[in-house]
Amino acid sequence: MENKSFSLLLPNLFIGLCKGSRSLRPYSSEFCNKLGYKIFQFEASFPITSGRISAPDLIITSEKTNNTLIIEWTEAMSISDYKPDQLQRYSIINRRDLIEVLAIPPDSVNTFNTCVIVLPDALEIFEKHFDAEGYKFPLLQFERSTDLSELNKVHNEFEEPLTDKYFTKGIQLNRIPISYLPFSLDCIKKSELVWFIVKHLISILVRKKTSFNVEEFCSEYVSVWSVISDDKKKEIRRRTKEVLNALIRKPIGKQLLKRLPGQPPRWEILAIDVRKNIRSIKKALDLFIEEVKGMSSQADLPFPE
C-alpha cells in the first residue's frame with residue numbers, strides 16, 4: 001500500500017464505508033446497511049453556543065441508530081499549539097448546535113460523539129490529555145503498514161452501543177481505495193489538483209460537451225462535491241479556475257478551450273478531433289502538468305486508444 005497521508009486515506013475510508021463499497025466489505029456492509037451511516041459534510045465550519053467556531057474534518061449521521069459522529073483526525077505527535085483549544089471547543093458542542101446551526105435532522109442527534117483518530121505513537125499523549133481534562137471523546141488509532149491499514153477504538157466509549165461495538169471490533173483492510181476524494185482537503189493547491197483537472201477536461205473533450213462553468217466542472221471531477229463545505233468548495237473552484245486560465249494561455253489550451261465573457265465565466269470547448277491528435281495533445285498536456293506541479297514526471301494521463 002502506498003504511504004498516503006491521514007488526510008487522504010481517512011476521508012476515502014469513511015466515504016467507502018458510508019457508500020457500502022464492495023472493496024471494503026464486510027466492514028462497509030455493516031456500517032452502511034446495519035448502522036446506516038451517511039456522510040453529512042466534510043470540513044464543516046460552524047459557530048457553537050459559546051460563540052466560537054468548530055471545524056471538524058468530517059461529520060456523519062445515522063437515522064437508524066439516531067446518532068451523529070463528529071470526527072477529527074490528526075497526525076500530531078504532541079498536544080501543543082492550537083490543539084488544546086480545538087479539543088476544548090469540541091467538548092462544548094451540544095445537541096442544539098448540531099440541529100439548529102448545522103441543520104442535522106433531530107432524529108439523528110439522539111446521541112452524538114466527537115471522536116479523535118490518531119497514530120499509535122500518539123495514543124498515550126492523547127489519552128493522558130483526555131483524562132486530565134475530563135474529555136470522554138472516543139479515541140481511535142489508525143495504523144498503517146505496507147500491506148495493512150487498521151482502525152480501532154482504544155479509549156473511551158461511543159454513546160451509541162452498536163457504534164461502540166463496531167469500532168471496538170475494529171477494521172483491518174489490505175487496501176483503502178482513494179478514488180472518491182483523490183486529493184487532500186488540507187492541501188488544495190494547483191499542483192495537487194492539476195492532474196485531476198486535466199484528466200476531467202480530457203473526458204469532456206471525448207464526450208464532445210460544448211461548454212461548462214467552474215461549478216459544473218468541479219462537481220463532476222470531485223465525486224463527493226455535494227458534501228464538501230462551502231469554504232472548501234470555494235478554494236477548489238478558485239484553484240480550478242486558476243489552472244484553466246493558465247492552460248488557455250498555452251498553445252494547447254488555445255486549441256482546446258475558449259473563455260467566454262460573463263459572470264460566472266464559461267469555457268467553450270473548441271472543435272478538435274481528439275482521437276486524431278491524441279499523441280500531440282497528450283504530450284502538450286503532460287508538459288503543462290509537469291510545469292504546474294514543478295516535477296519532471298507524473299502519472300500518465302488516460303487517453304482513449
Side-chain angles (χ1 to χ4, degrees), residues 1-9 11-12 15-16 23 42 146 175-225 228 232-261 264-305:
M1 184 188 75
E2 293 182 56
N3 187 28
K4 300 293 185 180
S5 71
F6 254 34
S7 56
L8 189 62
L9 289 173
N12 282 282
I15 295 167
S23 62
F42 282 101
T146 304
R175 176 179 170 271
I176 298 174
I178 58 170
S179 56
Y180 297 114
L181 186 60
F183 56 88
S184 169
L185 292 175
D186 290 342
C187 190
I188 302 174
K189 300 178 181 179
K190 290 186 292 183
S191 59
E192 297 296 322
L193 299 188
V194 61
W195 191 87
F196 305 105
I197 292 169
V198 174
K199 177 185 176 185
H200 184 58
L201 178 60
I202 291 167
S203 74
I204 289 176
L205 293 170
V206 172
R207 287 186 280 128
K208 301 185 184 301
K209 189 171 181 177
T210 57
S211 68
F212 60 86
N213 63 30
V214 173
E215 180 73 21
E216 294 167 355
F217 190 91
C218 292
S219 68
E220 291 175 351
Y221 89 85
V222 182
S223 65
V224 291
W225 185 252
I228 294 175
K232 290 296 179 178
K233 283 181 179 178
K234 184 177 180 180
E235 285 187 58
I236 296 169
R237 285 195 298 265
R238 182 171 67 250
R239 297 305 182 199
T240 300
K241 191 189 305 183
E242 289 173 357
V243 170
L244 292 172
N245 284 336
L247 180 59
I248 62 175
R249 290 194 290 269
K250 302 293 182 182
I252 183 60
K254 292 176 181 178
Q255 293 179 50
L256 303 176
L257 289 174
K258 178 182 178 182
R259 180 167 169 163
L260 302 174
R266 293 189 69 83
W267 276 264
E268 180 183 7
I269 305 296
L270 301 180
I272 182 171
D273 191 336
V274 175
R275 296 179 184 277
K276 185 177 179 180
N277 298 278
I278 284 178
R279 289 187 180 179
S280 61
I281 293 173
K282 181 181 184 302
K283 182 178 179 180
L285 290 177
D286 280 340
L287 289 172
F288 172 73
I289 292 172
E290 286 183 13
E291 180 181 322
V292 175
K293 291 177 72 71
M295 295 170 60
S296 59
S297 64
Q298 71 289 311
D300 287 339
L301 285 169
F303 265 79
E305 296 298 333

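Owing to the predicted nature of the structure, the values given are computational and were not obtained by experimental measurement.
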Check: Phe217 main-chain N/O paired with Glu220 side-chain donor or acceptor under 3.5 Å: no

Taking the side chain as everything from C-beta on, heavy atoms only, tell me whether Phe288 gets closer than 4.5 Å to Val194. yes

Can you tell me how far CZ of Phe212 sits from CG of Leu244, rounded to the nearest 0.5 angstrom? 5.0 Å

What's the verdict on side chain to side chain contact (heavy atoms under 4.5 Å, CB included) for Val243 and Phe196, showing C-alpha distance, side-chain angles and the deciding distance? CA-CA 11 Å; Val243 170; Phe196 305 105; over 6 Å; no

What residues, two or more places apart in sequence or in another chain, satisfy salt bridge (Lys or Arg N to Asp or Glu O under 4.0 Å) together with Lys233? none

Would a 4.5 Å heavy-atom cut-off, applied to side chains only, mark Leu185 and Phe183 as touching? yes

For Ser191, what residues pass the side-chain contact (heavy atoms from CB on, under 4.5 Å) criterion, not counting sequence neighbours? Lys189

As an exercise, state the distance from CD1 of Ile197 to NZ of Lys190, rounded to the nearest 0.5 Å. 10.0 Å

How long is the gap from CD1 on Ile178 to CG on Leu8, to the nearest 0.5 Å? 4.5 Å

Smallest separation among heavy atoms of Pro265 and Asn213, with atom names: O-CB, 3.5 Å

Which is it for Leu257 and Ile269 under the side chain to side chain contact (heavy atoms under 4.5 Å, CB included) test, yes or no, and what are the steps along the way? CA-CA 5 Å; Leu257 289 174; Ile269 305 296; 3.5 Å; yes

Interatomic distance, CG@Leu285 vs CH2@Trp195, rounded to 0.5 Å, equals 12.0 Å

On a heavy-atom basis, which atom in Asn12 and which in Pro177 lie closest, and how many Å separate them? CB-O, 3.2 Å

Tell me, please, which residues at least two apart from Ser211 pass side-chain contact (heavy atoms from CB on, under 4.5 Å). Arg266

Measure the OG1-CD distance between Thr210 and Glu268 for me, rounded to the nearest 0.5 Å. 7.5 Å

Go through the structure and list residues passing side chain to side chain donor-acceptor pair (under 3.5 Å) with Ser179, not counting sequence neighbours. none

The reported gap from CH2 in Trp267 to CG in Leu247 (rounded to nearest 0.5 angstrom) is 10.5 Å

Sequence neighbours excluded, which residues qualify as side chain to side chain donor-acceptor pair (under 3.5 Å) partners of Ser219? none

Suppose the criterion is side-chain hydrogen bond (donor to acceptor under 3.5 Å, both in side chains): which pairs have a residue in residues 239-250, not counting sequence neighbours? Tyr221-Thr240, Arg239-Glu242, Asn245-Arg259, Lys250-Glu291

Gly16 versus Tyr180, closest heavy-atom pair with distance: CA-CE1, 3.6 Å

Only counting residues at least two apart or in another chain, list the ones meeting side chain to side chain donor-acceptor pair (under 3.5 Å) with Glu215. Trp225, Arg237

